[in-house]
Amino acid sequence: MGGRSVFLSVIIFVCMGCSSSKKEAYTVKPLADMTEEEQEGKVLFHKHCNSCHPNGTAGLGAPIVTTSVPGFLIQFQIRNGLGTMPAFSEEEISDEEVDKIVDYLKALIK
Amino acid sequence: MTGYCRTYFLLFLIFLTGCARLDPMGGGQINYDPAERQVDPSDVLVPEGFKVEVVARGLTFPTAVVENDEGQLFVTESGYAYGEVILPPKLYRVNTSGSTELIVEGTKNGPWTGITYHDGNFYVAEGGQMEGGKILRINANGAVDTLVSNLPSMGDHHTNGPAIKDNYIYFGQGTATNSAVVGPDNASFGWLYRKPEFHDIPCKDIVLKGINYTSKNPLTDAPDDKVTTGAYVPFGEATRKGQVIRGEIPCNGAIMRIPIDGGEPELVAWGLRNPYGMAFSSLGELFITENSYDVRGSRPVWGTGDVLWKIEDGTWYGWPDHNAGHEISHLKVPDKGAPKLLLEKYPNPPPQPVAKLGVHSSSNGMDISRNANFGFEGEVFIAQFGDMAPNVGKVIRPVGFKVVRVNPENGVVENFAINKGKGNGPATFLKTAGLERPVSVHFNEEGEALYIVDFGILTVSKEEGAKPREGTGVIWKITKE
């Protein structure tokens, strides 16, 4: 793992750990209130991410909607994986789709 | 150690000591001794405009409800629960007061996992832990006919369903094992001691790669005794590359059907680990929920979510080498590596699912909304029993313990009925009086009320396994206000 990857992984870990005491979100915005990109991101999130992060909260994986991880770090984590989370290749999730997932997560965190 | 690694390690230590809240604590069972169950509808959160009521409480391992032609409600009690609690399964009439009247008591061959009603008769899926699975027909007087028996149901997973369409009874048959290899985990379930020859049966001929696993032998007292076991064979029997395992009907990991008056099973679909919930849409499409792999046994599989499928006749759905349409060989089990694939050739490319559900959520009984007044028409409502961590694998926070709805058009999963309060989990874990372990959901005939069958308290620990508590089951009812 290169130096950049190590650094970003540490930042992600710290962001996730420090924010876990926030109240977990259980009610999400209805699709109709979201932009087209966010709506597409929601569908992609449920296709690729929801099993481990149910509705963005903790499950097998760490919580997302209660963390302070910036968008570029979420993109990094999707591509590189972290801990037990597998990396997702461009064949599995395109760059455009990753951007939409990040848009959706940002909308959830707002 | 390089400079980067050193920095990483130090920062990681800081993270662990300062901010760490990410330790895999498992599901709702760690350091958790449930108090007496309390029941209060106001502790259940549902969308605005819906009302929650309690219909009945004090049931022992209830699994499903159904109504007859007059709208009278009935409930099945399982008769079997993980933890090797074996009781007679029962069918009760549920009065409006919440009291129950016994209609029929079955033999100790539960669990009775599901029920449906058709033309004056009840049809029950008898899980068959002791004698093999059965489909039973029970008339209004409580007389029982067996329509099919000897289903291969004496392992980890049972006979499920049923659902009726065009004078056929459809049912699910779960697999004997987690991932096709009999191992010490099956001794922990209890059945390997009773049925040491039992194993999974494919529905059609398959060819193996000859992957074998060496494990401890719990069937002997010798502490160092080890055996080698392959896929689709009894415990202690190895396989070889190119070995053909002959398919048979009935088989494991399948949807099958029989004529309404009984008869030989026919194959509908296979390659499903534990097809539990089952419902036909208004268009006649068959939807099922599949409980996916656990991190246990000789071939543990990590990180696979439960699945909602729309079933196509004759199709293989990927077990034991896939989850939700993808091979599992890239999913590394922490400290153990990824599972090896078992089959030389796949019967067909596995299809893509309708939706992926929470890993270890135990997404079980389901029904489909068909009333515009209730709302969410065409959406699939699923009861999530909740994780059985740590015995199925660890999770960071409890998973399931609620009812979700799925839009089959886009696979989006939304919470429908969850416990109020901070965090997720069974009510006794959260110290509230809401949902414990929802095991099935059922819309009434008009589709204006959703019943949630709540199995009751069941805790899990590495030391003691599953510990279900009798008399803690509840039936909830959700309607529009």
Side-chain angles (χ1 to χ4, degrees), chain A residues 1-31 39-63 66-68 81-89 92 104, chain B residues 2-5 7-8 11-12 14-16 18-22 24 45 47 292 302-307 323-324 326 330-334 352-353 355-361 384 387 389 393-400 402 404 406-407 410-415 418-420 422-424:
Chain A
M1 186 185 272
R4 182 170 168 270
S5 300
V6 169
F7 178 72
L8 292 174
S9 298
V10 171
I11 297 295
I12 291 170
F13 258 133
V14 172
C15 289
M16 290 193 310
C18 289
S19 57
S20 62
S21 60
K22 292 181 183 174
K23 189 171 188 285
E24 289 186 307
Y26 287 98
T27 306
V28 296
K29 285 204 290 185
L31 273 173
Q39 289 182 37
E40 289 176 22
K42 180 172 186 173
V43 173
L44 290 164
F45 177 86
H46 279 261
K47 182 176 180 184
H48 298 291
C49 318
N50 194 62
S51 290
C52 295
H53 311 278
N55 295 107
T57 61
L60 179 69
T66 57
T67 64
S68 314
L82 180 67
T84 52
M85 174 176 161
F88 290 83
S89 68
E92 291 168 289
Y104 167 64
Chain B
T2 67
Y4 278 124
C5 285
T7 306
Y8 182 82
L11 285 170
F12 186 62
I14 292 168
F15 156 76
L16 284 178
C19 302
R21 296 289 299 274
L22 295 173
L45 180 65
S292 196
W302 183 88
T304 59
D306 289 353
V307 186
N323 162 251
H326 297 281
H330 70 292
L331 296 171
K332 292 180 184 170
V333 180
Q352 292 301 305
K356 296 179 188 175
L357 304 154
V359 176
H360 305 316
S361 60
Q384 295 191 324
D387 70 73
K394 291 180 177 176
V395 291
I396 289 177
R397 290 286 182 269
V399 179
K402 59 187 176 182
V404 298
V406 181
N407 181 342
N410 60 18
V412 169
V413 183
E414 302 277 17
N415 290 328
I418 62 175
N419 283 326
K420 289 181 182 174
K422 187 178 179 184
N424 186 43

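The figures here come from the full heavy-atom set of this structure, side chains too, leaving out hydrogens, waters and symmetry mates. Below, chain A is the first sequence line, B the second, and so on; all start at residue 1. Since this is a predicted model, take the numbers as computed values, not measurements.
Under the side chain to side chain contact (heavy atoms under 4.5 Å, CB included) criterion, B/Thr304 pairs with B/Ser292, B/Tyr293, B/Val301, B/Asn323, B/Ile328, B/Leu331, sequence neighbours left out. Under the side chain to side chain contact (heavy atoms under 4.5 Å, CB included) criterion, B/Gln352 pairs with B/His326, not counting sequence neighbours.
Ranked by heavy-atom pairs under 4.5 Å with chain B, the list A/Cys52, A/Pro86, A/Gly59 is led by A/Gly59.
A donor-acceptor contact shorter than 3.5 Å is absent between the side chain of A/Ser51 and the backbone of B/Gly358.
Atom NZ of B/Lys332 has 12 or fewer neighbouring heavy atoms from other residues, nucleotides or ligands inside a 6.0 Å radius.
From A/Lys47, atom NZ reaches atom NZ of B/Lys356 across 7.5 Å, with rounding to the nearest 0.5 Å. Atom NE2 of A/His53 sits about 8.0 Å away from atom CD1 of B/Ile396, to the nearest 0.5 Å. Rounding to the nearest 0.5 angstrom, the gap separating the CG atom in A/Asn55 from the NZ atom in B/Lys402 is 5.0 Å.
Minimum interatomic distance between A/Leu60 and B/Trp302 (heavy atoms only, all atoms of both residues): CD2-CZ2, 3.7 Å. Of all heavy-atom pairs between A/Asn50 and B/Val413, the closest is ND2-CB, 3.9 Å. Smallest separation of non-hydrogen atoms from B/Arg397 and A/Ala58: CG-CB, 3.4 Å.
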